[in-house]
Amino acid sequence: MENILENSVRDMCKQDVIDCFYKSLKEVRKTKPFATQNEVIEHALKSQAPRFYVTFENARRFVSLLLRKKKLPIINENKLAMYKEIYNRYIKRVKDCSKRYKYYILEKIIEEPAPSFYLDEETFRGIIYRTMRKRQLAASQAKC
């Protein structure tokens, strides 16, 4: 079940990256009609993400570790930053609420807009390029 949720979150992230890229393309080209793809990607990378791309179970697990002052078993700096942001939001809100709502609070936090996609540039570009290739391939097959 967890794997299905992870794939769902991953697919959601990919779609939101693509949407962000095309939105950035429109925004950048309004002021700079001949902007390069690199400039558009740099603009998109700085954008806010519609949500945190993590399952509730992983968020719960890592927030719990942080609450107990444990080190997270994560090497990826972007993921570390994401879990710390979720933890900081959680700490601010849990003080104001009854303990029985703590899971509800966490659930709401991961569905809120995130400061970034928490992806490195290479991963972000890979999502965009793979999607573009798939669309080009589908379009060329449709012509045949």
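Atoms considered below: every heavy atom in the structure, side chains included; atoms not considered: hydrogens, waters and symmetry mates.
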Subject >> Derivation of the side chain to side chain contact (heavy atoms under 4.5 Å, CB included) call for N78 and L119 >> reply: CA-CA 6 Å; N78 289 314; L119 297 172; 5.5 Å; no

Smallest separation among heavy atoms of [X] and [Y], with atom names:
X: R89; Y: E85; answer: NE-OE2, 2.8 Å
X: A59; Y: V54; answer: N-CG2, 3.8 Å
X: A44; Y: C20; answer: O-SG, 3.6 Å

Original post:
Just by distance, do the side chain of Q15 and the backbone of M12 share a donor-acceptor pair under 3.5 Å?
Top reply: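 Pair absent, no side-chain N/O of Q15 close to backbone of M12.
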
Original post:
Under 3.5 Å, side chain of R93 to main-chain N/O of I105, donor-acceptor pair present?
Top reply: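 Judged by distance alone, no pair lies under 3.5 Å.
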
Between [atom1] on residue [X] and [atom2] on residue [Y], distance to nearest 0.5 Å:
X: F52; Y: E111; atom1: CZ; atom2: CD; answer: 11.5 Å
X: S24; Y: D19; atom1: OG; atom2: CG; answer: 10.5 Å
X: R130; Y: I18; atom1: CZ; atom2: CD1; answer: 9.5 Å
X: E77; Y: D120; atom1: CD; atom2: CG; answer: 11.0 Å
X: L25; Y: I128; atom1: CG; atom2: CD1; answer: 10.0 Å
X: L72; Y: L80; atom1: CG; atom2: CG; answer: 5.5 Å

Original post:
Does L66 reach the side chain of K70, with side-chain heavy atoms less than 4.5 Å apart?
Top reply: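 L66 does not reach K70 side chain to side chain.
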
Using 4.0 Å as the upper bound for N to carboxylate O, is an ion pair formed by [Y] and [X]?
X: R51; Y: E112; value: no
X: E57; Y: R60; value: yes
X: E42; Y: K46; value: no

Subject >> S8-D11 side chain donor-acceptor pair, cut-off 3.5 Å >> reply: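 Absent: no donor and acceptor within the cut-off.
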
**OP:** For R68 and S64, run side-chain hydrogen bond (donor to acceptor under 3.5 Å, both in side chains): C-alpha distance rounded to whole Å, both residues' side-chain angles, the deciding distance at 0.1 Å, then the answer.
**Re:** CA-CA 6 Å; R68 292 180 282 141; S64 174; 3.3 Å; yes

Could I get the full list of side-chain contact (heavy atoms from CB on, under 4.5 Å) partners for [X], not counting sequence neighbours?
X: P113; result: Q48
X: K23; result: E27
X: S116; result: Y118

**OP:** Give every residue pair that meets the ring-ring contact (aromatic ring centres under 6.0 Å, His included) criterion with at least one member in residues 15-44, sequence neighbours excluded.
**Re:**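 Residue pairs passing ring-ring contact (aromatic ring centres under 6.0 Å, His included), neighbours aside: none found.
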
Original post:
Excluding sequence neighbours, so at least two apart, what forms ring-ring contact (aromatic ring centres under 6.0 Å, His included) with F124?
Top reply: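 So F124 forms a ring-ring contact (aromatic ring centres under 6.0 Å, His included) with F117.
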
Subject >> With Y87 via ring-ring contact (aromatic ring centres under 6.0 Å, His included) - residues at least two apart >> reply: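 For Y87 there are no ring-ring contact (aromatic ring centres under 6.0 Å, His included) partners, ignoring immediate neighbours.
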
**OP:** Test side chain to side chain contact (heavy atoms under 4.5 Å, CB included) on L106 and I86 and set out the steps.
**Re:** CA-CA 8 Å; L106 189 56; I86 292 170; 3.6 Å; yes

**OP:** Run through R10, M132, K14 and flag the one making a side chain to side chain contact (heavy atoms under 4.5 Å, CB included) with I127.
**Re:**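 Considering R10, M132, K14, a side chain to side chain contact (heavy atoms under 4.5 Å, CB included) with I127 is found only for K14.
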
Original post:
What's the verdict on side chain to side chain contact (heavy atoms under 4.5 Å, CB included) for F56 and R61, showing C-alpha distance, side-chain angles and the deciding distance?
Top reply: CA-CA 8 Å; F56 172 77; R61 184 178 306 125; over 6 Å; no

Original post:
Above 12 or not: heavy atoms from other molecules or residues under 6.0 Å from CG of L137?
Top reply: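 Atom CG in L137 is packed in, count exceeds 12.
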
**OP:** Start with the C-alpha distance between I74 and Y83, add both sets of side-chain angles, then the distance that settles side chain to side chain contact (heavy atoms under 4.5 Å, CB included), and finish with yes or no.
**Re:** CA-CA 10 Å; I74 298 173; Y83 286 117; 3.4 Å; yes

